[in-house]
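This report refers to the structure that appears directly beneath it.
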Amino acid sequence: MINYTNGYFDLHTLFRVNGSAAYKSILFAIVSCVFYVFLHEYSNKHKSLNLRDEQNAFIDHPYPIAALIAAYTFLLSSKVNFSYNRFWEACTALHSMQSKWLDAGSSMAAFHLQSKAYEKVQPPSFGSHQEINDVVLERQRSTDTTTPERRMERINESINNSTTAPSKQSSKFGQFLMSKKKKIKKNLVVELPDVRLINAKKNSIGQIPRPKTRAFRRCSFTMNSADDMSSSGITISGRPKETLPSLFLQEGAHLVSLLSAVALSTLRNDIDGTESPLTEFVPGKVWPAFNSDNDPDMQRYGYHQSGFITRLRYVFDISRTKKERAIYNNARPFPVIGGISDREAQMLQSARGPTAKVALVNFWFNEFVIREHLHGSMGKVSGPIISRIQQYQSDGFLWYNSARKLSYIPFPFPHAQITTIFVLVSIFTLPVLMISFLGFWAGMIFNFFTALIFAGLNEVAKELEYPFRCMPNDLPLNLFQAQFNEALLTMFAGYHPDSWWEVNTDVLGDVSI
């Protein structure tokens, strides 16, 4: 997809050729103008074909041609409208699909934290201390971040970092995946902010009274110092003891990421029977380019084309062949958390058809959830609650098929055919209309731009008919997959950082429930 910014009358958009429907339509407008010149000169030499002489005119009145152009306008506008609907419906289906699958992964991780492996490190529950329900919890931040100057510094730092790569905070969840490439120093000590609990009853002036003593205080929690975390994490030999996400979370994130990657690869119509271009996801890496033409990583995968050749092939519609699309897609592999094994690739390749590939990964995930639930990986969470994971997964699969409908079912052929016919007809009827009312130069100018508009709108409709394939106006699927992976890494975040607290019974005293 071409990402552009709004400028002064958007004049900067006039100079882009690749992806432009205007430059693609210039050839039709030129052909129409050539016929306009020929018709003008021929009518001047042959009085029987004079279009301006009312007595000897070949056509008595140009209104029938105007009616033909008006009818074609309605036909073309309906096609453009349907194409826009297909494009936005594809966007909705794609985001809904990944949203549901992200819900499944997030719920699965939350259920897993209730298992026995985390019993001794779980935060305390408010339900176990009903005696402190008559207080109000208040959070405070350190003073250096609340000043306007400090807030402005943090905003400027965020803006500078967001233009190149994901924020450091979001990529911390996935740093364990880079352990094979470099040593990672982790500090999992949770530093909790100052929090006060105060009485909920307001005084007469509408302010909440603040007690001098605290019946509720925060306590820090160090995951590295827990003796029983070896059962829920992995200790790497030869390195300091550090806690990594459990194998359950790693495998669950991998399967959800693989499901999304395979679904996106089938939506952009990768060649069936060949291995899907999938690669290992690297957390914290710079986001893929919104416009694939500006992605330097494509050259590493063997995609080399000069800018002039790319524009020329686009204008003459040569870049949409099956071979060209295969080369283009192979240079844009989808990243998968944890990579993809040879056996996974082999089974996916043997699955026949796009639906079978996605259904296979969907089956792997469902079987994994059921097996782990039966063996206690999700604690004492009841079966009906666990079934919400399957429900989210099923909803995502439903949205995938909705997107697949737009990818594999073309725009209706009768409508596309008759629109193409009238594009060609308008090329030769517009000059007749222009010569009848305007002078030579004025008629040529109006004829050029009118033909350009008609042919351009038809090209716009053709670009929007297939939202997943018509590069460079296709949806940025690689960017969506990378952002989806970063969102999945939040499954490894663990409990809320302010979840550990303790009750000061000396201050609270005896409270009846």
Side-chain angles (χ1 to χ4, degrees), residues 1-4 10 13 16 18-29 32 66-99 263-264 266-270 290-292 314-317 319-322 325 329 354-355 396-427 429-430 449-477 480:
M1 176 178 282
I2 300 173
N3 188 20
Y4 65 95
D10 290 341
T13 62
R16 180 179 177 88
N18 192 25
S20 171
Y23 288 96
K24 218 172 184 181
S25 308
I26 287 180
L27 181 61
F28 292 92
S32 182
L68 177 66
I69 299 299
Y72 170 64
T73 302
F74 285 109
L75 178 67
L76 183 60
S77 61
S78 63
K79 181 181 180 181
V80 174
N81 184 45
F82 282 125
S83 298
Y84 268 111
N85 290 337
R86 285 172 62 93
F87 185 84
W88 291 116
E89 186 180 351
C91 295
T92 302
L94 189 63
H95 284 81
S96 300
M97 176 190 75
Q98 290 192 332
S99 174
L264 295 181
T266 59
L267 288 177
R268 71 180 185 184
N269 199 21
D270 287 347
F290 209 92
N291 179 14
S292 55
Y314 173 80
V315 170
F316 291 98
D317 214 1
S319 60
R320 305 292 173 80
T321 63
K322 189 174 183 179
R325 192 166 62 245
N329 291 341
T355 305
F397 195 74
L398 180 65
W399 282 109
Y400 161 74
N401 282 280
S402 179
R404 182 179 174 274
K405 170 191 67 175
L406 302 173
S407 180
Y408 286 88
I409 299 180
F411 194 84
F413 172 77
H415 198 159
Q417 183 190 50
I418 195 171
T419 304
T420 303
I421 291 174
F422 276 94
V423 167
L424 298 176
V425 170
S426 66
I427 290 177
T429 54
L430 282 173
F449 284 107
T450 306
L452 184 69
I453 290 174
F454 280 133
L457 287 177
N458 186 52
E459 291 298 327
V460 168
K462 289 168 58 180
E463 291 292 316
L464 299 180
E465 287 175 8
Y466 295 99
F468 305 111
R469 306 191 222 172
C470 289
M471 60 274 192
N473 290 306
D474 54 344
L475 294 175
L477 301 183
F480 292 162

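By the 4.5 Å heavy-atom criterion applied to side chains, T266 and Y400 are counted as neighbours. No side-chain heavy atom of I69 sits under 4.5 Å from any side-chain heavy atom of T450. Looking at heavy atoms from C-beta onward, C91 lies out of side-chain contact with F480 at the 4.5 angstrom threshold. Annotation: side chain of T429 is not in contact with side chain of Y72 (no heavy-atom distance under 4.5 Å). At least one side-chain heavy atom of L475 sits less than 4.5 Å from a side-chain heavy atom of F87. The shortest distance between side-chain heavy atoms of M97 and L264 falls below 4.5 Å. Looking at N458 and K79, their side chains come closer than 4.5 Å, going by heavy atoms from C-beta outward. Annotation: side chain of P412 is not in contact with side chain of F82 (no heavy-atom distance under 4.5 Å).
From L457, atom CG reaches atom OG of S83 across 10.5 Å, with rounding to the nearest 0.5 Å. Atom CD of E89 and atom CG of L94 lie 12.5 Å apart (nearest 0.5 Å). Here CG of L430 is found 14.0 Å from CZ of F449. Values are rounded to the nearest 0.5 Å. Atom CG of L27 and atom CG of L452 lie 11.0 Å apart (nearest 0.5 Å). The CG atom of L424 sits 11.0 Å away from atom CZ of F422, with the distance rounded to the nearest 0.5 Å. With rounding to the nearest 0.5 Å, the separation of CG in L406 from CG in L267 is 9.0 Å.
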Q | Residue pair K462, E465: steps toward the salt bridge (Lys or Arg N to Asp or Glu O under 4.0 Å) verdict | A | CA-CA 5 Å; K462 289 168 58 180; E465 287 175 8; over 6 Å; no
Q.
As a quick check of understanding, evaluate side-chain contact (heavy atoms from CB on, under 4.5 Å) for I409 and R404, giving each step before the final call.
A. CA-CA 8 Å; I409 299 180; R404 182 179 174 274; over 6 Å; no
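In this structure, S32 contributes its side chain and F28 its backbone to no donor-acceptor pair below 3.5 Å. Counting only distance, with no hydrogens or angles, the side chain of S402 and the backbone of L398 share no donor-acceptor pair below 3.5 Å. Between the side chain of S77 and the backbone N or O of F74, at least one donor-acceptor pair lies under 3.5 Å.
In plain terms, the two heavy atoms of A21 and V460 that are nearest each other are CB-CG2, 3.6 Å. Residues F468 and L477 come closest through the heavy atom pair CD2-CD2, 3.9 Å.
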